[in-house]
2 protein chains.
Amino acid sequence: MTTMQDVATRAGVSAKTVSRVFNDDPHVTEDTRERVQSAMRELKYVPNMLARTFREGKSAVIGIAVPDVADPFFAAVTKGIELAAREHDMAIVVTSLGDNPALEQSIIETTVRRQIGGLIIAPIAADQSYLARWQDSFPIVFIDRIPTKLHADYFVEDDFGGAFEATKHLIAHGHRRIAIVGDSTEVPTTKLRLEGYLAALADAGLKSEHELIALGSRDADAAAHVCKTLLALPDAPTAIFSSNARFSTGVFPALQALNRTDIALISFGDFPMADVLQPSVSVIDQNPRHVGRVAAERILARIAAPTKKFRRKNVIPVKLIERQSCQGAAVSPSQSSTTPRSSR
Amino acid sequence: MTTMQDVATRAGVSAKTVSRVFNDDPHVTEDTRERVQSAMRELKYVPNMLARTFREGKSAVIGIAVPDVADPFFAAVTKGIELAAREHDMAIVVTSLGDNPALEQSIIETTVRRQIGGLIIAPIAADQSYLARWQDSFPIVFIDRIPTKLHADYFVEDDFGGAFEATKHLIAHGHRRIAIVGDSTEVPTTKLRLEGYLAALADAGLKSEHELIALGSRDADAAAHVCKTLLALPDAPTAIFSSNARFSTGVFPALQALNRTDIALISFGDFPMADVLQPSVSVIDQNPRHVGRVAAERILARIAAPTKKFRRKNVIPVKLIERQSCQGAAVSPSQSSTTPRSSR
DNA sequence: GAAACTCATGTCATCGATGACATGAGTTTC
DNA sequence: GAAACTCATGTCATCGATGACATGAGTTTC
């Protein structure tokens, strides 16, 4: 690999002059500049960014830690971060945390050891105090869930408000027995979404029923199974609020397999092809790309102005996208079967 | 940030001894070792990986360059790479190339300047000769498309064979007018998939028809539009072979919007919820996670044994996943409307 | 003409960890 | 007892680029 010293030798100057030319320092004559540039071209010189970062003590990499890089939501977040980072000539280092909270710290420490310029994290554990030691070194921004035991920037979507709206939407369509399906309430986002659900019920003068609160699933398959249990109840729900898109991709197929697409469904979080399913699924859209962008912009802003004050706690509004899956419970199955349909 | 020298001062030894302790060098007494470890704990010492990488001249980062990190296929590939890399304590730097071939080189050069230990690339341009200069520095592995004007490792799926099988599948289901929808044939994968399609037609004694070869779309919306044009033909196709999952996510909604889910569809590449659509979509599955893993393993193998010989050209078999979308053309629309169906 | 200033170039220490080698004490071999 | 060996520890150069500062030639100011 060619170094500045190699270029310097060929151009008959010092390595420092090569550095000056490369970095557009004005203290170089035109003659010297051209001689050095010519040598760079001949040797196809490319700077060693590692040496540069090491010397400058500033890193041009943003670390991203999310539960799963392949999850559509987080893939979109990552894209949003990448685009913002690129505008500032920064790269992204990405890592998946998995779903075992006990591993969060060790995985994160593997990432931060690589001298990142900032960290964007969607946490999975209940305690982020281990990150306190790094806060002097680089900005840290939380997404998806707020930090626990750590004072840091965050951008989270309106879990409570979105769940409230989703449940109100179902109620407005005539549903009175509404189940909620999703993660354990130990997951902070699920807890807030449950609260929004309960608040909407209360607001409508409806009582919450214990057996309709079907939380605690770990994955899409478990959520599918929970659906089957719910629909087997003597007084089964007519509607399901799925508290997470990941579970929705289990709930929907389960309803379909049971030939129960008459059950209304609304998903917290959009997912691929939700608009093409039959019925197309109404969702509370989180706009993950935007989440990624604002998180990255905060990192960049803190790097650019270390002492400036920024609002730390940011709740991003979510948006109801109404599709077909929440039609009123008042419409009976036999009535809708007369609707013209193209055949398979 | 605490350095080894800080630890050394506290433990009353040299920085070199701290390094020995940290790296489990046996040439340290137990007494010294414990003294140093104690100092490390007290100072919460974390090594500067940048310094280490710089000194060692070996990087613990694999660069990944794909068209779009948010594309489900490439998100899954990335996951496969990440998991393999992590087993060797390597991180991943990820970048999206976009869809403008003219930008490939400059984007890649931004990535390789960061001293990566290897590069895995799904190229978008027609010429990768610009990467030749890097091949002495780190291993390069191509995925999805083979390299052009560069001799390098690649792992690509069986484009020809998969397309052949998809088209044969449609023919076996009675289809005689089969359209192919997708990218331009300037895209190498599309060219091979077209060849597979044409070979299957020829094998069945069918002539290919110019107006059924509907290639040249740039995105899902364009593919959707092409579908509409195809179905407006006097002698419209009864089946569509979508040459790319990305386009399938445009083709399917278009067919649905036209109430033409009677048109058979098979997609080269699976996509989220394809199995839950109505009709569920038959696909040629590429197993992206596996692609990512084998690519990463090649990088790791070349790092571990630089002079060892490995097969450079690797074509990964693909697999037909048969779902509902390719039912026979012999079943007339009016006949299948009597099939019992649950109502929306 | 001397002092002050400007400009272009170069020297050298630095970033933090580690490889190459030196060093001295203690032990073993002859 | 001298030479060879082993072990534990330390010194110092190195990785490649750049900040801090020095230096000398030329120009400007008084």
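- Put simply, chain A comes within 4.0 Å of DNA chain C, heavy atom to any atom, from C/dA8 to C/dG16, going 5' to 3'.
- In this structure, B/E34 has no salt bridge (Lys or Arg N to Asp or Glu O under 4.0 Å) partners at least two apart in sequence or on a different chain.
- Annotated stems with DNA chain D as a participant read C:1-30 with D:1-30, given as range with range, by first number; only runs of 3 or more Watson-Crick or G-U pairs under 3.5 Å qualify.
- Sorted by first and then second residue, the side chain to side chain donor-acceptor pair (under 3.5 Å) pairs involving residues 53-65 of chain B (not counting sequence neighbours) form an empty list.
- For the contact set between residues 6-27 of chain A and DNA chain C, defined by any heavy atom under 4.0 Å, the members are A/V13, A/S14, A/K16, A/T17, A/R20, A/P26, A/H27.
- Taking A/F155 as the reference, nothing meets the ring pair (Phe, Tyr, Trp, His ring centres under 6.0 Å) condition, with sequence neighbours excluded.
- When the side chain to side chain donor-acceptor pair (under 3.5 Å) test is applied to B/N287, no partner is found at least two apart in sequence or on another chain.
- Heavy-atom distances under 4.0 Å link DNA chain C to A/F54, A/R55 of residues 34-55 of chain A, given in residue order.
- Residues satisfying the salt bridge (Lys or Arg N to Asp or Glu O under 4.0 Å) test with B/D144, not counting sequence neighbours, are none.
- A search for side-chain contact (heavy atoms from CB on, under 4.5 Å) contacts involving A/E104 returns A/L97, A/I108, A/I121, A/P123, A/I124, A/A125, A/Q128, A/Y130, not counting sequence neighbours.
- For the residue pair B/S96 / A/R86, no side-chain donor-acceptor distance below 3.5 Å is found, with atom types taken as modelled.
- With the nearest nucleotide of DNA chain D identified for both A/M4 and B/T32, B/T32 has the one nearer the 5' end.
- Under 3.5 Å, the side chains of B/S129 and B/D127 contain a donor-acceptor pair of N or O atoms.
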Exercise for review: Test A/E82 against A/K79 for salt bridge (Lys or Arg N to Asp or Glu O under 4.0 Å), laying out the working first.
Suggested key: CA-CA 5 Å; A/E82 184 194 13; A/K79 185 68 184 281; 5.5 Å; no

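- Between B/D153 and B/R302 there is a salt bridge, since a side-chain N of the basic residue sits under 4.0 Å from a carboxylate O of the acidic one.
- Every residue two or more places apart in sequence or in another chain was checked for a salt bridge (Lys or Arg N to Asp or Glu O under 4.0 Å) with B/D136, and none qualifies.
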For residues 5-16 of chain B, please give each side-chain donor-acceptor pair under 3.5 Å, one per line with the distance, not counting sequence neighbours.
unit_1: B/Q5; atom_1: NE2; unit_2: B/T9; atom_2: OG1; d: 3.4
unit_1: B/D6; atom_1: OD2; unit_2: B/T3; atom_2: N; d: 2.8
unit_1: B/D6; atom_1: OD2; unit_2: B/T3; atom_2: OG1; d: 3.3
unit_1: B/T9; atom_1: OG1; unit_2: B/Q5; atom_2: O; d: 3.0
unit_1: B/R10; atom_1: NH1; unit_2: B/E42; atom_2: OE1; d: 2.6
unit_1: B/S14; atom_1: OG; unit_2: B/K16; atom_2: N; d: 3.3
unit_1: B/S14; atom_1: OG; unit_2: B/T17; atom_2: N; d: 3.2
unit_1: B/S14; atom_1: OG; unit_2: B/T17; atom_2: OG1; d: 3.2

